[in-house]
Number of protein chains: 2
Amino acid sequence: MPEVLTASASFSPLYQQIKALILASLQAAEWLPGALIPSEMELAARFSVSQGTVRKAIDELAAQNLLVRRQGKGTFVATHNEEDRQYRFLHLVPDEGQKFPLISQFLACKKIKANTTDAHLLKLKAGDALIKVNRVQSFAGKPIVFEEILLPATRFKELDLTMLTEWSGPVYALYETRFATHMVRAEEKIKATAIDESLSTYLHLPVGHPVLLVERLAFTYGNKPVEIRRARYDTTQQHYQNMLN
Amino acid sequence: MPEVLTASASFSPLYQQIKALILASLQAAEWLPGALIPSEMELAARFSVSQGTVRKAIDELAAQNLLVRRQGKGTFVATHNEEDRQYRFLHLVPDEGQKFPLISQFLACKKIKANTTDAHLLKLKAGDALIKVNRVQSFAGKPIVFEEILLPATRFKELDLTMLTEWSGPVYALYETRFATHMVRAEEKIKATAIDESLSTYLHLPVGHPVLLVERLAFTYGNKPVEIRRARYDTTQQHYQNMLN
DNA sequence: CAGTGGTCTAGACCACACT
DNA sequence: GTGTGGTCTAGACCACTGC
């Protein structure tokens, strides 16, 4: 019987408690994204449970994409700094042909004050400082996506246009390496809207043309919301893809 | 060592083989949707493996929503004939307030011939007979969704407007009870489009108004595509919701 | 080779549902 | 109480990785 645990915890399966402990270590940045965590045997010893119990805890964390298991190597903290994980949150695919890489162009990065809606989404107070980033993503010269990104200024203080421009790779990888913030999950709300005048210029589409409005709220560890992203997708030759299970 | 299995199967983990066997029983309709399957102990005996191995197989099938475990009761075949599973594939939610029930009105149900696109999606030949169903779904008198549903006529032969009208409940539940066809998963492609004249009447929106076009391809057991659904969602006061993990 | 995760087993006990 | 799935353990062996 593992004393350390039974002492403090109210009843729940042992592996759930282990899961919570590992989660706490992730949240406390004890192991950074991409890093190797201790082996199942070591964790079992540390928590005074059997390997099978640790295994079940890790299984669930791996199923939630928080950990990645690699046979023969070990278990690693999930990261957005890897090939296969790059487009985990981007569901836009071309109607015909392969999934292509989009070229990013950052347009602006300013400090603004949060309105009530955005403050509420990010669990801040209205008027709190935010950083607003605008970018366009294109393929073969044709702009496809226009995005507005909103971030709490406290966490992303040093972010500026230079840093964004010099970064090659996904924005979520930048958040990880420069702001110790790993995105765990996101919620998206999708609508069809008509494009307005200012967006018309960016996306090279006539005013009133239908575009997909994708509002995303992204969360780090502990269900903490840290990014709002409002994007317009030109779905003339591509579409938003979703798998239902 | 389980002889029955090692004899025929090429190498793969035992629990994967068990999984395949259970899947085969599902596909062969040995156990119908909603039915209780044999207990883990019985299956373990039947396949000459340990309970733990059957358990792991069932775990994965439950994770894919093919089976449902109920502690103290047993394991059941997943079905669309149940409260919590009703809206498994409908991601439309109101911007404000609770998820509300939509009222279905079926407009038509005719036999047509498949064009090349639809034939290809359903893995049929161009010209093969399809059944085309049209319906509108409304809330508080306001039409929200217009759908066109395409089904292979062979599998859904007896389907007609009367059957649809008299059925209360999800269409996928009708497929199960009347056509022994359980929908396992689906793929959706989403675009923003302008509404045309005919749809304008159904959705009570001006011509050219942006709507969400949702094209769904739904599959039964064995990855067999059996339904195409092309829907238009009025996203003025509701949105398509998606969770990214 | 040693160390990692992956599979499989057997047995004990717990939590829950029905009767 | 009996039977179901759910948890936990301990130990054996396999498959993969890298030294």
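The basis for the numbers below is simple: all heavy atoms, side chains too, and nothing from hydrogens, waters or symmetry mates. Order of the sequence lines fixes the chain letters, A, B, ..., with proteins taken first and strands second; residue numbering starts at 1 for each chain.
Using a cutoff of 4.0 Å between basic side-chain nitrogens and carboxylate oxygens, A/D118 and A/R230 are scored as salt-bridged. Ionic pairing of B/E215 and B/K189 is not present here: no N-O contact between side-chain nitrogen and carboxylate oxygen is shorter than 4.0 angstrom. Ion pairing between a basic and an acidic side chain is recognised when a charged N comes within 4.0 Å of a carboxylate O; A/E40 and A/R46 show no such pairing.
The interatomic distance linking B/D59 (CG) with C/dG6 (P) rounds to 15 Å, in whole Å. Note: CZ (A/F47) to C1' (D/dC8) measures 16 Å, nearest angstrom. Rounded to an integer number of Å, the gap from A/L43 CG to C/dG3 P is 17 Å. Atom pair A/E40:CD and D/dC8:P shows a separation of 15 Å (rounding to whole Å applied). Spacing between atom CG of A/L14 and atom C1' of D/dG6 amounts to 13 Å, rounded to whole angstrom units. The distance between atom CZ of A/R55 and atom P of D/dT9, rounded to the nearest whole Å, is 14 Å. The separation between B/I58 atom CD1 and D/dT7 atom P is 14 Å, rounded to whole Å. A straight line from CE of B/M41 to P of D/dG6 spans 14 Å, rounded to a whole angstrom.
In this structure, B/Q51 and B/V54 both approach DNA chain C, and ranking their closest nucleotides by distance from the 5' end singles out B/V54.
A cation-pi contact, defined as under 6.0 Å to the ring centre and within 45° of the axis, links A/R70 to A/F76. A cation-pi geometry, defined here as NZ or CZ lying under 6.0 Å from the six-membered ring centre and within 45° of its normal, does not hold between B/R216 and B/F89.
Using modelled atom types, one finds a donor on one side chain and an acceptor on the other under 3.5 Å when comparing B/Y240 with A/N242. Side-chain polar atoms of A/H182 and A/E176 form a donor-acceptor pair below 3.5 angstrom. Side-chain atoms of B/R185 and B/N223 form a donor-acceptor pair, as typed in the model, at a separation below 3.5 Å.
Note on B/T53: every side-chain N or O is 4.0 Å or more away from OP1 and OP2 of C/dC8. At D/dA10, none of the side-chain N or O atoms of A/S50 fall inside 4.0 Å of OP1 or OP2 (strictly under the cut-off).
Within 6.0 Å of the CD atom in B/Q64, the count of heavy atoms belonging to other residues, nucleotides or ligands exceeds 12.
Consecutive pairing runs in DNA chain C reach the stem threshold at C:1-18 with D:1-18, where a stem means at least three Watson-Crick or G-U wobble pairs with distances under 3.5 Å.
Side chain of B/P13, nearest nucleotide from D/dT7, C/dC8, C/dT9: C/dC8.
A heavy-atom distance below 4.0 Å to DNA chain C is reached by these residues of residues 66-76 of chain B, ordered by number: B/Q71, B/G72, B/K73.
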